[in-house]
2 protein chains.
Amino acid sequence: MSARAIPVEPLAEEETLSLGERAYRRLRDGIVQGTLRPGSRISERSMANALGISAQPVREALRRLEQDGMVVTLPRRGTVVAEIGPERLAELGRIRAALEGVAAALAAERMAGEDLAELARIVRGMRTATAAADTEALAELNERFHAILQGATGNLFLVKSLEALRAYDDLGRLRALGSTPKDMPKALREHVSILAALKARDPALAEARMRHHVLRSLTTNGVLAAPRQGR
Amino acid sequence: MSARAIPVEPLAEEETLSLGERAYRRLRDGIVQGTLRPGSRISERSMANALGISAQPVREALRRLEQDGMVVTLPRRGTVVAEIGPERLAELGRIRAALEGVAAALAAERMAGEDLAELARIVRGMRTATAAADTEALAELNERFHAILQGATGNLFLVKSLEALRAYDDLGRLRALGSTPKDMPKALREHVSILAALKARDPALAEARMRHHVLRSLTTNGVLAAPRQGR
DNA sequence: CATGGACAACTGCTATAGCAGCTGGCAGGG
DNA sequence: CCCTGCCAGCTGCTATAGCAGTTGTCCATG
């Protein structure tokens, strides 16, 4: 009975999501937040009654996490949390930069006019939030900006992959300091330039700018080291 | 009993893989090969006894396919095969090109010497296979080349994502003609140049060349149209 | 004829039970 | 003391049963 030692709390009935989905997010957050440390073993049964649910949803979540590269399970042996060191985190950041770049390129080609208008509204909000140094609102707007852009591509694979990568990004943000203090004007200029490329329907330009934006953001957050990364 | 109409044959005991894994691959192949057409509904139970197995492995496979963007399920409503038109296929190709590019960049930094030697061996084999016009051996070598390169990155997320994307690639290859007839020398030159960039430990160069290689390959296969794609 | 409501037949989702394989320790023979 | 084989206790994995929503049909009612 080592179930008591498992650093996970039972699932509340928070929302209307399926137990499998909730277990997935819970475990994912547990991994990126470090409460489930790399190398630690996760038993389907133990984790199940630690969460107060059955074993299937847990197993389902573990299979999805395995596809995300967060855990690795040896058949009939056990499931362990994968190692996510700083270098691995940097890799994932570069991957995310590349994918967001492709998303921007696709969006530049397909994006509807109303979505562009919505992005323009968001950027406008960013400008005021930057002036007011409202980091919280800025984070919210930033998330919406990327979400709309990715959603505009209509590509499920892209959206799902970036969603998974975003979880890792939170991990990087936790290990480094909190949110970025004084690069907000820089981020604002980058968003403006990205929007301009989107409006101009220039895929290559949008991709380059988006990629640079993500890489720069990761660099100032300490996830990436040298400023000469990935071109 | 509409189970008889489901275009899937029962699972043989082919290998030692789990039923969930086998169902995942079977369904994935069924989708990319067109036997499970877009828009068609997939019932867990029906598919289960069509495959001669229980419902859980099928459900498990469906959840993974959903994360790949191949199916979309409405809670308590049903699961349907997602639409994968030519334009979506082109998008996925560009995504794959970007990811393989990042993989090449990472490999250029981290790759061990013995892996480089193995790649050199493979490229040497490609040279003779190209001279002999042995398309089958060439496809095999090509697969090994990319597999070793991706494996050298040691990044699970990258490997898993590219594995899923490769399935879509097969779909594109099916819709277009068969394997490439006369661009083999071009592919050989590209592999040689990629290997050179890897040996030189030049991440940016390796990435650019790999990305160009994949995009060019997709273009000659008819998956991509204009030669001015993605930079 | 139109309309509304109940019922049957689905669906995805969850829980329980039990299988087969692996591991580690403990006893018994060398 | 060391080695070997057994065995209990794990593990992931699969099957069965049943839950709870959704949908479509069919009959009764206005």
Side-chain angles (χ1 to χ4, degrees), chain A residues 1-6 8 10-27 36 39-82, chain B residues 1-6 8 10-27 36 39-68 70-82 156:
Chain A
M1 241 71 74
S2 62
R4 183 58 53 86
I6 293 182
V8 174
L11 288 176
E13 43 182 325
E14 343 179 351
E15 303 178 19
T16 177
L17 291 174
S18 73
L19 291 183
E21 182 68 26
R22 279 190 270 174
Y24 171 69
R25 303 190 183 184
R26 177 67 68 94
L27 291 177
L36 289 174
S40 64
R41 297 163 47 88
I42 296 181
S43 165
E44 296 179 357
R45 283 173 173 75
S46 309
M47 184 56 68
N49 58 18
L51 293 174
I53 61 178
S54 177
Q56 260 76 9
V58 175
R59 172 178 171 78
E60 198 175 295
L62 289 177
R63 287 291 86 77
R64 293 173 60 187
L65 288 173
E66 185 171 24
Q67 208 161 20
D68 290 343
M70 285 197 172
V71 304
V72 45
T73 125
L74 301 82
R76 312 276 182 184
R77 295 279 305 270
T79 304
V80 299
V81 179
Chain B
M1 239 70 77
S2 61
R4 182 59 52 88
I6 294 182
V8 174
L11 288 176
E13 44 182 324
E14 343 179 353
E15 302 177 20
T16 178
L17 293 173
S18 73
L19 291 183
E21 182 68 28
R22 280 190 269 174
Y24 171 69
R25 302 190 183 184
R26 177 68 67 94
L27 290 177
L36 288 174
S40 65
R41 297 163 47 87
I42 297 181
S43 165
E44 296 178 357
R45 283 172 172 75
S46 308
M47 184 57 66
N49 58 16
L51 293 174
I53 62 178
S54 178
Q56 261 75 8
V58 174
R59 171 178 172 77
E60 197 175 295
L62 288 178
R63 286 293 86 76
R64 293 174 60 186
L65 288 173
E66 186 172 22
Q67 208 162 19
D68 291 343
M70 285 196 172
V71 304
V72 45
T73 125
L74 302 81
R76 311 276 182 183
R77 296 280 304 270
T79 305
V80 299
V81 179
L156 285 177

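Quick note: numbers below take in every heavy atom, side chains included, and nothing from hydrogens, waters or symmetry partners. Order of the sequence lines fixes the chain letters, A, B, ..., with proteins taken first and strands second; residue numbering starts at 1 for each chain.
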Item to complete: Could you please spell out the steps behind the side-chain contact (heavy atoms from CB on, under 4.5 Å) verdict for B:L27 and B:M47?
Response: CA-CA 9 Å; B:L27 290 177; B:M47 184 57 66; 3.8 Å; yes
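- Here the C1' atom of nucleotide D:dC13 and the CZ atom of B:R22 are 12 Å apart, to the nearest Å.
- Out of C:dG12, D:dG12, C:dC13, the shortest distance to the side chain of B:R63 is found at C:dC13.
- Between D:dA15, C:dC13, D:dG12, one nucleotide has an atom nearer to the side chain of B:E44 than all others, and that is C:dC13.
- Nearest to the side-chain atoms of B:R76 among the listed nucleotides C:dA20, C:dG12, D:dT16 stands C:dG12.
- To the nearest 0.5 angstrom, B:E66 atom CD is 9.0 Å from B:R59 atom CZ.
- Taking the charged nitrogens against the carboxylate oxygens, B:E60 and B:R63 have no contact shorter than 4.0 Å, which rules out a salt bridge.
- One interatomic measurement links the two molecules: CG of B:L74 to P of C:dG12, which rounds to 10 Å at whole-angstrom precision.
- Across A:T73, A:T79, A:L74, A:V80, a single residue satisfies side-chain contact (heavy atoms from CB on, under 4.5 Å) together with A:R77, and that is A:L74.
- Look at B:S43 and you'll find a side-chain N or O under 4.0 angstrom from OP1 or OP2 of C:dT11.
- Nearest-nucleotide positions on DNA chain C for B:R41 and B:Q56 put B:R41 closer to the 5' end.
- Side-chain N/O atoms of A:R45 and base N/O atoms of C:dG18 include a donor-acceptor pair closer than 3.5 Å.
- Rounded to whole angstrom, the span from the CG atom of A:L19 across to the C1' atom of D:dG18 amounts to 15 Å.
- For the pair A:L51 CG and C:dA15 C1', the interatomic distance rounds to 15 Å; values are reported in whole Å.
- Here D:dT11 is the nucleotide among D:dT14, D:dT23, D:dT11 with the atom lying nearest to any side-chain atom of A:S46.
- Atom-to-atom distance recorded for B:L62:CG and B:M70:CE is 12.5 Å, nearest 0.5 angstrom.
- Taking atom CE on A:M47 and atom C1' on D:dC13, their separation rounds to 18 Å, with Å as the unit.
- One interatomic measurement links the two molecules: CG of B:N49 to P of D:dA17, which rounds to 14 Å at whole-angstrom precision.
- Distances shown here put a side-chain N or O of A:T79 below 4.0 Å from the OP1 or OP2 atom of D:dG12.
- Separating the CZ atom of B:R77 from the C1' atom of C:dC13 is a distance of 16 Å, rounded to the nearest angstrom.
- A:L17 places its CG atom 18 Å from the P atom of C:dG12, with the value rounded to the nearest Å.
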